[in-house]
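First up is the structure itself, then whatever we jot down about it.
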Amino acid sequence: MSLGYAEKLSFIEDVGQVGMAEFFDTAHALQDKIEQLVKLIQKSRHLVVFTGAGISTSCGIPDFRGPKGIWTLQHEGKPLPEASLPFHRAMPSMTHMALVELEKAGILKFVISQNVDGLHLRSGIPREKLAELHGNSFMETCPSCGAEYLRDFEVETIGLKETSRRCSAEKCGAKLRDTVLDWEDALPPKEMNLAEKHCRMGDVVLCLGTSLQITPACNLPLKSLRGGGKIVIVNLQKTPKDKKASLVIHGFVDKVVAGVMEILNMQIPPYIRIDLFQTILTQSLSSDKRFVNWTIRIASVHGLSAPLPFIKSVEVSFSDNQSYKEAILDTQPFLLKR
């Protein structure tokens, strides 16, 4: 998760159990459990995956409850861990991309995520097959028409507050809101209803990288049991739901999922990130009409005032007119006038 997200949350004293010990299955036991998981997946008709912070730690995003988790260190009065890269530059993990391949193959029917890092959407999971229970740090939504806007920058607020942008849908123009929940916010009905529906339909609910402590989300996998479904938990820490699971695997999520994909003889696709920006050139005659004045601007596709977090500087050169000097723009907004 983002350290910024954790710092924006309202303070509460009880965040559940933290500093949880990690457990590792032996190499032999791990391989045996991976093979059991593969058999369950092969037999499943409605596979649902339920994800937590543990699937994003390999992306450089710290978790919350592990030995070096954000809430663990806060509880111990220690400095927060440093993310290995800015939140907006985190890329989907091997697990994220494997889930995309399973979905494309028709094996994975639905993904339920407690994460706000937006990596499932970035990886390529279709929006209609994803419930983001706690929101998305890169998503804004229109409370009037329901339009959603996925950004390449982290939205500045949490708690379903108004942001500085408006809906661009025709005949709307309402102020947008962030989608990330604070502690007191109820889970969004649209996401929750879809998650409940698929858990009830699920014959296998695969829980990846979650301690299954935050209610009511943690109880969703249990809804599969009434219809005869099975729960599989892959996590380094023990969870309160382990006794309800048909299979509990203590190992790194990426390693387990990679083993599953190898036995299924399925390739994990690479992630290729594409960031978009716009170049705006405007021209006008000088007041004496002797010269042409022009302005060039590099801007976000999300609006002129939106940040461009993936661009540090812009070099401008002129191949057809040597009278213009080259320029380097290293502060936003990236704007050059001549």
Side-chain angles (χ1 to χ4, degrees), residues 16-17 20-55 63 65-66 94-96 98-99 101-103 105-115 120 125 129-131 133 192 194-266:
Q17 187 178 358
M20 300 168 65
E22 294 181 342
F23 297 87
F24 295 87
D25 290 328
T26 65
H28 177 76
L30 185 65
Q31 184 60 33
D32 180 62
K33 289 181 178 182
I34 289 173
E35 291 173 7
Q36 292 181 55
L37 174 56
V38 169
K39 290 178 181 178
L40 288 172
I41 291 174
Q42 288 174 327
K43 291 179 181 178
S44 72
R45 294 183 178 179
H46 200 92
L47 173 65
V48 176
V49 170
F50 184 86
T51 66
I55 75 159
D63 65 11
R65 302 177 191 278
M94 179 190 301
T95 296
H96 288 98
L99 296 181
E101 192 67 13
L102 289 170
E103 186 279 324
I107 298 170
L108 173 59
K109 305 302 183 183
F110 201 74
V111 177
I112 303 166
S113 182
Q114 301 167 94
N115 299 341
H120 283 304
I125 293 292
K129 293 188 178 182
L130 172 67
L133 299 180
M192 193 64 173
L194 272 174
E196 285 188 358
K197 171 188 171 183
H198 284 278
C199 281
R200 293 184 196 279
M201 295 170 63
D203 49 11
V204 176
V205 178
L206 176 57
C207 303
L208 300 176
T210 170
S211 61
L212 294 168
Q213 287 198 57
I214 297 294
T215 58
C218 69
N219 292 319
L220 283 169
L222 303 182
K223 296 185 181 299
S224 66
L225 299 178
R226 187 170 295 180
K230 298 181 184 299
I231 298 173
V232 178
I233 299 173
V234 182
N235 199 52
L236 290 178
Q237 298 94 17
K238 294 180 179 180
T239 85
K241 312 301 181 186
D242 285 358
K243 292 181 180 179
K244 299 285 187 179
S246 297
L247 180 63
V248 176
I249 305 175
H250 292 302
F252 290 110
V253 174
D254 281 351
K255 186 172 183 179
V256 172
V257 171
V260 167
M261 297 296 281
E262 183 178 1
I263 296 174
L264 291 174
N265 197 28
M266 296 180 69

**Asked** What's the verdict on side chain to side chain contact (heavy atoms under 4.5 Å, CB included) for L220 and E196, showing C-alpha distance, side-chain angles and the deciding distance?
**Response** CA-CA 6 Å; L220 283 169; E196 285 188 358; 3.4 Å; yes
I need the minimum non-hydrogen distance between [X] and [Y], along with the two atoms involved.
X    : Y    : result
S113 : T51  : OG-OG1, 3.1 Å
C218 : Q213 : CB-N, 3.9 Å
C199 : I112 : SG-CD1, 3.5 Å
P221 : V205 : CB-CG1, 3.9 Å
I214 : Q114 : CB-OE1, 4.4 Å
I263 : I34  : CD1-CG2, 3.9 Å

Nearest 0.5 Å, what's the [atom1]-[atom2] distance between [X] and [Y]?
X    : Y    : atom1 : atom2 : value
L222 : L212 : CG    : CG    : 8.0 Å
K244 : L225 : NZ    : CG    : 7.0 Å
I55  : N235 : CD1   : CG    : 11.5 Å
K230 : S44  : NZ    : OG    : 12.0 Å
D25  : L236 : CG    : CG    : 9.5 Å
L30  : H28  : CG    : NE2   : 11.0 Å

| message | Does Q42 form a side chain to side chain contact (heavy atoms under 4.5 Å, CB included) with I107? I'd like the steps, not just the answer. | response | CA-CA 8 Å; Q42 288 174 327; I107 298 170; over 6 Å; no
Would you indicate whether the side-chain heavy atoms of [Y] and [X] approach each other to under 4.5 Å?
X    : Y    : result
K238 : H250 : yes
E101 : L108 : no
M192 : L133 : yes
L264 : L102 : yes
T239 : T210 : no

>> Whether the side chain of D203 engages the backbone of G229 through a donor-acceptor N/O pair (distance < 3.5 Å, no angle test) should be reported.
In response: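 No, because the side chain of D203 does not come within donor-acceptor range (under 3.5 Å) of the backbone of G229.
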Exercise for the section: Say whether, by atom type as modelled, one donor and one acceptor occur between the side chain of K243 and the main chain of P240 under 3.5 angstrom. Expected result: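 No, the answer is negative, given that no donor and acceptor are paired below the 3.5 Å cut-off.
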Using 30° and 60° as the class boundaries, would you call the ring planes of H198 and H46 parallel, tilted or perpendicular?
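Geometry flag for H46 against H198: parallel rings.
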Note to self: Quick one, L99 with H120, criterion side chain to side chain contact (heavy atoms under 4.5 Å, CB included). Give me CA distance, side-chain angles, the key distance, then yes/no.
What the structure shows: CA-CA 9 Å; L99 296 181; H120 283 304; 3.8 Å; yes
### Message
Go through it in stages, so that I can follow the logic: the residues are I231 and S224, the test is side chain to side chain contact (heavy atoms under 4.5 Å, CB included), and I'd like the CA-CA distance, side-chain angles, deciding distance and then a yes or no.
### Response
CA-CA 8 Å; I231 298 173; S224 66; 3.8 Å; yes
Note to self: Are more than 12 heavy atoms, taken from residues, nucleotides or ligands other than Q36, located less than 6.0 Å from that residue's CD atom?
What the structure shows: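 Yes - once you tally the heavy atoms of other residues, nucleotides and ligands closer than 6.0 Å, there are more than 12.
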